[in-house]
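Everything numeric here is computed off the predicted structure, so don't read it as measured data. For the single chain, residues carry numbers from 1 onward in sequence order.
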Amino acid sequence: LGRLFERLGDATVAAQHFAAASTLLPPAATVRRAQLLTDWSLTVARTQDFAAAVHLAAAGLAAAEAAGDSAALARAHTLLALLARRTHDLATALRAAAAGLAAARNQPDPGVLAAALNGLALVQADSGDPAAAIPLVQEALALVVRMGDRHREAALRNTLADLHHACGQDDQAMAQLKQ
């Protein structure tokens with residue numbers, strides 16, 4: 001229900017469902033707890049309460065570490081990178097994004113890998129190196145195209161267009177926008 005209300009744009013109700021779910025999980029359900037905490041953190045981040053979002057994401061990372069689950073680790077690190085970007089802490093964002101990508105490469109879900117690749121690419125672009133971000137986004141794009149995820153494909157093509165434009169490659173930028 002938390003994810004549903006998040007999709008519907010009601011962060012308050014979504015957070016209430018995540019809070020309720022957290023009380024129902026048994027202590028041994030560390031992977032589920034990690035997933036819940038990262039989903040909850042993302043919802044809270046959308047309300048601009050970054051301190052609370054970081055607290056939840058850090059708890060999600062701790063649960064993922066306890067579980068030893070690479071996908072949960074990748075999601076938590078990638079989310080911490082996103083939160084650090086939003087607070088303009090690029091050094092922390094870079095460390096978290098690199099850790100997220102390393103974890104994502106050790107798990108089978110291409111969606112998790114695509115998100116981690118995109119997360120690191122965005123940090124690199126924010127750090128003033130859009131050229132280094134392009135191959136990461138291209139790899140993520142190839143994954144989501146294989147998955148058939150048109151929504152993510154559109155978002156990644158837009159990001160790729162922005163990166164090409166930042167590098168002065170306007171023809172490549174326009175080609176991505178048209179696709």
Hphob cluster co-occupancy, Leu136 + Leu94, side-chain heavy atoms under 4.5 angstrom: yes

Considering all heavy atoms, the nearest Leu37-Leu56 contact: CB-O, 3.7 Å

Do you know which two heavy atoms are closest between Pro135 and Ala131, and how far apart they sit? CD-O, 3.3 Å

Smallest heavy-atom separation, Ala114 atom then Ala140 atom, equals O-CB, 3.6 Å

Can you tell whether the side chains of Arg3 and Glu6 come within less than 4.0 Å, N to carboxylate O? no

Consider only side-chain heavy atoms of I, L, V, M, F, W and Y, link residues closer than 4.5 Å, and tell whether Leu25 and Trp40 are in one cluster. yes

So, does Asp89 use its side chain to make a donor-acceptor pair with the main chain of Arg85 at under 3.5 Å? no

Would you say that Ser22 contacts Arg33 through its side chain, given a criterion of any heavy-atom pair below 4.5 Å between the two side chains? yes

Does a side-chain heavy-atom distance below 4.5 Å link Ser41 with Leu83? yes

From the list Leu1, Thr43, Leu42, side chain to side chain contact (heavy atoms under 4.5 Å, CB included) with Phe18 holds only for Thr43

Lys/Arg N to Asp/Glu carboxylate O, Arg105 vs Glu139, below 4.0 Å: yes

Which pair of non-hydrogen atoms, one from Ala121 and one from Ala133, has the smallest distance, and what is that distance? O-CB, 3.2 Å

CD-CG distance between Glu153 and Asn158, expressed to the nearest 0.5 angstrom: 12.0 Å

Main-chain N/O of Ala173 paired with Gln176 side-chain donor or acceptor, under 3.5 Å: no

After noting the C-alpha distance and the side-chain angles of Ile134 and Gln169, does the key distance pass the side chain to side chain contact (heavy atoms under 4.5 Å, CB included) rule? CA-CA 11 Å; Ile134 289 174; Gln169 302 165 344; 3.8 Å; yes

Side chains of Met147 and Arg152 in contact at under 4.5 Å (non-hydrogen atoms): yes

No-hydrogen, no-angle side-chain donor-acceptor test under 3.5 Å, Arg95 and Thr92: yes

What is the minimum heavy-atom distance between Ala76 and Gly60, and which atoms define it? CB-C, 4.2 Å

Looking only at heavy atoms, which two atoms of Ala116 and Ala104 are closest? And how far apart? CB-CB, 3.7 Å

Are the side chains of Leu122 and Leu82 in contact, using a 4.5 Å heavy-atom criterion? no

If we only count heavy atoms from C-beta on, is the Gln48 to Phe50 side-chain gap below 4.5 Å? yes

Answer whether the closest heavy-atom distance between the side chains of Leu143 and Leu113 falls below 4.5 Å. yes

Answer yes or no: is there a side-chain heavy-atom contact under 4.5 Å between Val145 and Arg157? yes

Which of these, Leu160, Leu156, Leu117, sits in a side chain to side chain contact (heavy atoms under 4.5 Å, CB included) with Gln138? Leu160

His164 side chain to Asp170 side chain, donor-acceptor N/O pair below 3.5 angstrom: no

Please check: side-chain N/O of Thr78 versus main-chain N/O of Arg75, any donor-acceptor pairing under 3.5 Å? no

Measure the shortest side-chain to side-chain distance between Leu61 and Leu80 over non-hydrogen atoms and say whether it is less than 4.5 angstrom. yes

